Each structure stands twice: as C-alpha cells, then as structure tokens.
Protein chains: 4
Amino acid sequence: MVDQREDERPRSRRLPREVRERQILDAAVEVFAKHGYYNASMDEIAETASISKPMLYAYLGAKDELFIACVRREAARLVEAIGVEVESGLTPADQLWNRLQLFFEYVRCNKDGWRLLHRQGDVSGEPQVVELTEWRDRATELITALLAQATEDQKQPMQPEQTEPFAAALVGAGEALVEWWFQHPEHTAEGMARRLMNLLWLGFGELVEGKTWHPQGEA
Amino acid sequence: MVDQREDERPRSRRLPREVRERQILDAAVEVFAKHGYYNASMDEIAETASISKPMLYAYLGAKDELFIACVRREAARLVEAIGVEVESGLTPADQLWNRLQLFFEYVRCNKDGWRLLHRQGDVSGEPQVVELTEWRDRATELITALLAQATEDQKQPMQPEQTEPFAAALVGAGEALVEWWFQHPEHTAEGMARRLMNLLWLGFGELVEGKTWHPQGEA
Amino acid sequence: MVDQREDERPRSRRLPREVRERQILDAAVEVFAKHGYYNASMDEIAETASISKPMLYAYLGAKDELFIACVRREAARLVEAIGVEVESGLTPADQLWNRLQLFFEYVRCNKDGWRLLHRQGDVSGEPQVVELTEWRDRATELITALLAQATEDQKQPMQPEQTEPFAAALVGAGEALVEWWFQHPEHTAEGMARRLMNLLWLGFGELVEGKTWHPQGEA
Amino acid sequence: MVDQREDERPRSRRLPREVRERQILDAAVEVFAKHGYYNASMDEIAETASISKPMLYAYLGAKDELFIACVRREAARLVEAIGVEVESGLTPADQLWNRLQLFFEYVRCNKDGWRLLHRQGDVSGEPQVVELTEWRDRATELITALLAQATEDQKQPMQPEQTEPFAAALVGAGEALVEWWFQHPEHTAEGMARRLMNLLWLGFGELVEGKTWHPQGEA
DNA sequence: CATGAATGAGCTTTCATTCAT
DNA sequence: AATGAATGAAAGCTCATTCAT
C-alpha cells in the first residue's frame with residue numbers, strides 16, 4: 001500500500017509522458033483535496049506540479065477532465081486496495097471484516113485521495129458525475145455479493161434487490177465513520193473497522209445487550 | 001408536513017417583507033439544490049424568485065449569507081420534522097423506528113432541501129460552513145441519547161465515546177440509503193425506514209439468518 | 001456668523017417647503033463633506049435628513065443637482081461672509097486684512113461647508129463644474145479690485161491682466177493655509193490671517209529680514 | 001525633461017513586462033486625469049492601453065492599487081523634476097527661482113500627471129491616500145529648508161513652526177497659479193514662475209509700489 | 001404628501017483557457 | 001516540447017433612481 005505522495009517534485013524537463021502525467025495527477029489530487037473542485041485553480045495545480053499551464057492542458061485536458069482523471073485514479077486505488085473479487089474459503093463475515101480493515105487502512109494512507117472521492121456532492125449539475133460515484137457502485141456490488149454468498153445456502157437466499165440497499169447503507173455508514181475518525185484521530189484503523197463490524201453484523205439490538213463481535217480466533 | 005413548494009410564483013409586486021423573504025428562500029433552495037453552491041448564479045436565483053438582483057441582496061445579503069440562510073431554514077425543518085427530544089414511554093427501538101419513518105417522510109416531501117443539506121461537501125474552504133453540518137450533529141446527538149437510554153438499565157451502560165461513532169455511522173447509512181431511494185423511487189418511505197431499521201437493529205448477522213425486525217404490534 | 005449646524009433634526013412631517021429644503025441641504029452638506037461626492041450615498045443623505053428618498057428627489061433633484069445646490073448655498077455663505085464690495089475709506093491693506101480675518105473666521109465656523117467648496121477636484125469631467133469654482137472667481141475678483149484700488153494713484157496702475165494671477169495665487173495660498181490650519185488647530189483665526197497677511201504683503205524678501213506686518217494701530 | 005507621452009500605442013502583442021507596465025501606466029494616468037478617479041472605468045483604461053482587462057489586473061492590481069501606482073510615478077517625476085535637495089552656493093532666492101521655473105516647466109510637459117496630483121481632493125475616505133499628498137509634503141519641506149537657510153545668518157533665524165505654514169501657502173499659491181495658467185495658456189513657464197516669484201518674494205506691499213523682482217544678472 | 005419596496009444599468013474582478021514565441 | 005503572455009466571458013455586487021401604495 002503506497003503511502004501519501006511525497007512533496008518533492010524536482011523541476012525537470014523532458015520527462016517521459018507517463019511520469020509527467022503522474023506528477024500532474026499527484027498535484028491535482030492534492031490541490032483538489034485541499035480546496036475542493038471549484039476553489040481549486042488551474043494556476044495552483046500547475047504551480048504545484050511544477051509545470052506550465054499549457055502543458056497541464058496538453059496532458060490531461062480541461063479542468064473537469066483533469067478532475068475526472070484524478071477521481072478515476074484514486075477510485076482505482078481504493079477498489080484495488082479493498083479488493084473486489086469474492087474470495088472463497090472465508091466466511092462472508094470474515095471477508096467483510098478483512099475488507100473493512102483494508103478500507104480504513106487505505107483511508108489512513110490516502111487522505112487526499114479519500115477526500116476527493118468522498119466530498120464531492122457539489123459537483124452535481126454536471127453531466128459527467130458518473131465517474132464520481134462509480135467507486136461507490138463497485139463497493140456496493142462487492143458487499144451485495146458477499147451478502148448473497150452468505151445466504152446462498154439458505155432456502156430463501158436474499159436477492160440483489162434486497163441486499164443492494166443494505167450494501168449501499170453499509171457504504172454510507174463507512175463513509176460517515178471515516179468523518180468521525182478524522183475528528184478523533186487517536187483511534188486505529190483496526191479499531192474503526194471493529195466498530196463498524198460490530199454495528200453492521202450485530203446491529204443495535206444485540207449491541208445494547210452487551211454483545212460484541214470478534215474476529216475468528218479471538219477469545 | 002408541508003409538501004414540496006409549488007412552482008407557481010405569481011409575479012406580483014410590492015409584497016410584504018416576510019412573504020418576499022420566503023419567496024426568495026424557496027427559489028434559492030431550488031437553485032442551490034439543482035446546481036450546487038458554486039454553479040448556482042445569483043442571476044438565476046433572482047429570476048427564479050421573480051425578483052431583481054438588488055432586492056435579492058437587500059433581503060438576504062451576499063451569496064454565502066443567502067446560502068447559509070437556506071441551510072439554516074432547511075436544517076431547522078429537518079430537525080423539527082424528526083424531533084430531537086427523547087421521549088419517555090417508548091422503547092428506544094420504537095423511538096428510533098418512529099424517527100426513521102419521519103425522516104424518510106421528510107425527505108420525500110423536501111427533496112430540494114434535503115439535497116441542499118446532503119450534497120455540499122465541496123463548500124470546504126469557506127469558514128462559515130458550521131451551519132452546514134450542524135444538523136448532522138443534532139441528529140447524531142439524538143441517536144446517541146437513544147442508545148444511552150437503551151443501555152442505561154444494564155450494569156455497563158454504553159458511554160458516549162462508544163455510542164457516538166455508532167450514531168454517526170447510522171446517520172451516514174441513512175443518507176446513503178436516501179441516495180439509493182432516489183434511484184429506486186418505487187419504494188415507500190415506510191419501506192425505506194423498515195430497511196434501515198432492520199439493518200441497524202438486527203445487523204447482518206441476524207439478517208442473513210432470515211430474521212427481520214418488526215414494529216411492535218405487528219405479527 | 002452662524003456656527004456649525006446642529007445635529008438635532010426632529011422627524012416632523014408637513015413642514016413648509018423652505019424648512020424642508022434647508023433640512024435637506026444641511027444633511028447633504030454634512031454627508032458630502034464627510035465622504036466626498038462619490039462616496040456619499042443618497043441613502044445616507046436621506047437618512048441624515050430624516051426624510052424618504054422620493055422626497056429627497058422631489059425637493060432637490062438628482063445627486064448632482066443636489067450637490068450643486070449645496071455648493072451654491074455654501075459658496076453664497078462664504079462670499080457673504082467676506083464681503084465682495086470694495087469699501088472706500090480703508091486702505092487696500094486694511095481691507096485685505098479684514099477680509100482675511102473674516103475668511104478664517106468663516107472657515108472656523110463652517111468646516112463642512114468649506115470642505116465642500118475646497119476638496120472637489122475629482123468632480124472634473126462633469127459639465128456643470130462651473131458652479132463648483134465660481135466662488136473662487138468671485139474671491140479672485142475681489143482681490144483683483146483691491147489691488148487695482150491700491151495702485152490706482154500711481155502713474156502706472158496695475159491692469160487686471162497683471163493683478164488677476166496674483167489674486168488667484170493669493171486665494172490658493174489661503175486654501176492651502178487652511179489645510180495646514182486643520183492639522184494645527186491650536187492656532188486662532190486671527191493668527192492664521194496674520195500669517196497670510198505677512199506672507200502676501202511683505203513677501204519672503206522682507207520676511208527673511210525679520211520684518212513683520214502689523215495691522216494699523218498696533219505698535 | 002520628457003514631453004507628454006504620445007498617443008501612438010501600436011497594438012502589438014507579447015511585449016516584455018516592463019514595457020507593458022509603462023504602457024498601462026501611461027493609459028491609466030491619461031484616463032484618471034481626464035475623468036477623475038471615480039469616473040474612470042477600468043474598461044476605458046484597458047481599452048486606452050490596448051490591453052485586455054485581465055492583463056490590467058495582472059500587471060498592476062485593482063483599481064485603487066493602479067491609481068496609487070500612477071500617483072507614485074507622477075509624484076516621483078515631479079519631485080525629481082524640481083529637485084528636493086538644498087543646493088549650497090546659491091542664494092535661497094535664486095534657488096527658489098530655479099525651482100519655480102522647473103516646476104512650471106514640469107507642469108507644461110506633464111499636464112495629465114499634474115492633474116492627477118492636483119485634483120484629487122475627493123478621494124478622501126480611502127485609507128491609502130497617503131501617497132496622494134506626500135509630494136506636497138516633500139515640496140513643503142524643500143521650501144521650509146530654503147527659508148531656514150535664508151534666515152540662518154540672522155540673530156533670530158525662523159523656526160520650522162514659523163516657516164512651515166509659509167511654505168504650505170506657497171505651494172498652494174503655485175497650484176492655484178497653474179489653474180490660472182491653464183485658462184491663459186498664452187503665457188510661458190518662465191513668465192508664470194516670475195509672477196509667482198514676484199508675489200512671494202516681494203509681496204503685495206512692494207508690488208503695489210511698482211517694484212519687481214529680477215533674477216540675478218538681469219538689469 | 002410621503003414612503004417602503006423595487007429595479008436598470010453598470011461597475012470591478014476573476015476565472016479557465018489558448019496564442020505566439 | 002514548453003512557456004510567458006494574453007483574453008473572452010461571466011460572476012458578484014451596488015448605486016442612483018422611481019413606482020405603487
């Protein structure tokens with residue numbers, strides 16, 4: 001898992017296209033995360049990337065395209081981090097538990113990227129918002145699949161139209177918990193994952209009775 | 001519960017101050033909800049309100065102030081709708097169930113207002129955004145109190161530092177579920193509330209075993 | 001000589017036209033003097049005059065007309081204060097000495113009015129500036145006449161085309177001296193008049209030799 | 001001494017920064033002088049400078065900053081033109097005479113600049129107006145120093161608190177005389193300087209007796 | 001007569017975007 | 001390939017001015 005991008009961007013010319021693009025994307029993600037889409041200026045992005053504006057446009061297009069590119073990359077990272085394939089050989093609960101851990105770990109290492117993905121409600125109105133929320137759909141699909149797997153041995157396995165809203169709600173709960181985490185940074189990623197797991201798997205009904213969920217192998 | 005504001009704004013001049021103010025707020029909420037804060041133009045708001053721009057500024061100040069005023073009003077509506085006082089005489093589960101129903105009902109009737117409150121992550125950078133997220137804090141507090149009440153008879157009642165993240169996650173789950181609802185509008189408010197209640201109270205652990213939560217009195 | 005206008009403007013209706021106009025002019029002079037022509041707003045003038053804006057316009061017309069009216073009134077006061085007729089029976093020097101005293105006395109009692117007359121260089125560009133500087137012309141004429149009188153007994157009395165620039169310079173010197181006075185308010189009007197008289201009548205040539213001018217009758 | 005900036009501004013693109021800046025300042029001085037600060041529009045300045053508005057702002061900042069820049073440049077020109085150091089080896093009278101000539105010469109060649117410096121009484125209210133009147137202070141200081149020098153050999157040399165108001169009055173007289181000159185442009189700069197010198201050095205007392213002041217070496 | 005309520009018109013300012021070197 | 005220099009277009013805001021009561 002790659003840690004937060006470094007700040008050292010030596011001003012060097014004649015770089016291969018791939019490197020340049022990465023340099024630009026890093027800068028753009030940083031600036032977009034800091035100021036938000038609208039308050040981010042192309043000037044600042046160019047300066048942060050140590051590149052001139054015409055180059056900025058030549059490489060990654062206009063502001064909205066650049067933003068999309070950022071979102072796409074960060075979303076890919078997130079999806080890759082938590083995995084999207086259902087693994088056999090683990091119970092759904094354990095799989096979920098693993099993913100949650102990976103998710104919070106990802107957030108811890110990619111704060112800027114996460115902010116980009118999470119806080120972009122205001123870009124609504126534009127048509128291209130599809131890419132903006134696609135990662136949510138991917139995550140939701142994963143959860144949906146897990147739930148389906150969890151119930152597939154029952155006589156009435158849950159159908160997607162039942163599990164999907166649950167999955168969506170789960171994702172929302174995770175996002176909200178991250179916000180809470182940012183305000184209480186003393187907690188560990190694993191602790192956060194455990195909290196969410198407790199809530200999701202047990203539900204309040206059992207939580208209030210004092211029960212708690214444990215990963216397999218714990219006492 | 002008041003239904004969505006109508007679109008009929010008769011172009012009548014010389015209205016009393018109070019009426020005009022409401023007219024303007026209605027228009028502003030509509031436009032802000034449609035385009036987001038940054039893409040909303042004062043021109044369009046003025047036109048939607050059937051008013052000239054100077055009046056717009058005279059009544060509710062600059063763009064950010066106007067936006068704050070909108071948020072304040074809509075947040076008040078939401079808080080008022082779901083109530084914030086803990087009622088005695090009902091079990092926490094029933095109270096939560098009631099609030100969830102009220103919440104989804106509110107969303108159904110105040111789509112624009114809800115969008116205003118929900119999709120504004122990008123306004124970061126401005127200092128006065130406090131009002132924007134305050135309603136979340138209020139809602140979280142309510143849930144926290146409910147959870148505390150639910151466990152107060154136990155030997156180890158849950159402390160705020162335990163319940164608060166759960167409450168935050170719950171609110172997030174609700175918000176996400178609303179988004180899903182917007183894409184599947186065939187469902188009723190009560191149905192959505194029931195989904196969320198099931199998830200929250202039972203948790204996946206029981207859900208996947210086929211259990212479901214019922215309001216008291218149902219079979 | 002009337003002292004600075006008082007601030008008490010009781011809000012009363014149905015006043016005779018003349019009183020209202022005076023009320024308005026008082027307010028307008030005050031506001032114009034405080035903020036300058038462009039920064040003075042009709043709103044503030046109306047409020048200061050305890051009158052509504054439509055009345056303001058009804059009585060004294062648009063902003064520029066109102067300003068002209070103010071200038072006209074204050075200029076009249078100034079001209080009346082220092083007199084404009086050449087008196088016989090006094091030497092020109094004594095006459096000048098008297099006028100200078102009256103002038104500084106006028107400034108002391110009519111600060112706002114004076115500011116209006118003096119600091120309006122920026123209103124250039126407008127066509128109606130004639131009224132703005134007419135008082136200067138009147139004052140200059142007076143001085144010119146005095147100089148003419150002073151030299152009429154000589155074989156080569158000074159002609160207007162010679163005396164006029166001197167008169168204009170004198171007026172300018174007076175204006176500048178008033179500015180200096182405002183920054184050194186500890187001096188009396190008579191002291192200022194004496195300073196100017198010394199400079200004008202003796203000139204530096206004699207001043208630097210230690211001579212001073214005295215009004216007739218002094219030692 | 002450089003003559004009035006010419007009007008020929010060839011519409012050429014991609015000029016080096018320094019040239020553009022001068023081009024803009026020339027245009028701004030022209031427009032500010034013609035319309036005054038408030039009536040001058042950034043549009044007109046941009047058009048006069050054959051430049052687009054964004055460039056205008058990029059080079060010299062907002063309207064007030066641009067204005068300050070103009071004033072600064074023109075004030076520097078004026079101060080440089082008349083010199084501000086007291087020269088030894090010349091009598092104070094001769095020094096004054098020289099400066100007056102230089103002053104009127106400056107005015108003749110820099111009408112716009114002079115208007116900028118002279119007619120801006122109305123910019124009061126803004127805080128940064130310090131620069132606007134600083135040149136007057138410099139000029140006053142110069143005169144004050146000259147007077148001090150003129151009397152330093154006497155048993156009772158004049159103190160600054162005595163000479164300063166005279167100096168201020170002198171400057172005011174000069175300004176007023178320039179206004180008169182603008183209405184009688186048939187006179188030469190030297191003639192104007194001589195008029196002022198006569199008034200200042202001899203005073204009316206001697207002027208009315210038919211005396212006149214001559215530069216050293218004249219008959 | 002007197003006014004609260006309303007507006008046309010214009011200003012300054014700032015972007016994202018692209019020539020021309 | 002790479003950039004300093006340049007701009008079209010639009011936004012927010014305010015003011016003198018006037019209906020309509």
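Proteins get letters first, then strands, A, B, ... in listed order; numbering begins at 1 in each. Note that the structure is predicted; figures quoted are calculated from it, not measured.
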Q: Taking the basic N atoms (NZ, or NE/NH1/NH2) and the acidic carboxylate oxygens, is any pair closer than 4.0 Å for R72(A) and E134(A)?
A: no
Q: In this structure, how many angstroms lie between the C1' atom of dC11(E) and the NE2 atom of H35(D), rounded?
A: 15 Å
Q: Counting only side-chain nitrogens and oxygens, does Y59(D) get under 4.0 Å of the OP1 or OP2 atom of dA5(F)?
A: no
Q: Residues in side-chain contact (heavy atoms from CB on, under 4.5 Å) with E47(A), at least two apart?
A: none
Q: Show the numbers, then the answer: is there a side chain to side chain contact (heavy atoms under 4.5 Å, CB included) between L60(C) and E65(C)?
A: CA-CA 7 Å; L60(C) 286 163; E65(C) 300 174 82; over 6 Å; no
Q: Of Q23(D), R17(D), E18(D), which is the lone residue that meets side chain to side chain contact (heavy atoms under 4.5 Å, CB included) with E21(D)?
A: R17(D)
Q: Should the pair K63(D) and Y37(D) be classed as cation-pi, given the thresholds of under 6.0 Å to the six-membered ring centre and 45° from the axis?
A: yes
Q: Heavy atoms under 4.0 Å is the rule here; annotate nucleotides 13-18 of chain E 5' to 3' with B where the base is hit, S where only the sugar-phosphate is, and - elsewhere.
A: BBBSBB
Q: In dot-bracket form, how is DNA chain E paired, counting a Watson-Crick or G-U wobble pair only if both its distances are under 3.5 Å and using | for bases paired to another strand?
A: .||||||||||||||||||||
Q: Send over the distance from L56(A) CG to dA1(F) C1', rounded to a whole Å.
A: 15 Å
Q: Any cation-pi pair here, R20(D) with Y59(D), using under 6.0 Å and within 45°?
A: no
Q: Expressed in angstrom and rounded to an integer, what is the separation of M55(C) atom CE from dC19(F) atom P?
A: 14 Å
Q: Strictly below 4.0 Å: does R20(D) bring a side-chain N or O up to OP1 or OP2 of dA6(F)?
A: yes
Q: Could you tell me how far apart L66(C) (CG) and dA16(F) (P) are, to the nearest whole angstrom?
A: 11 Å
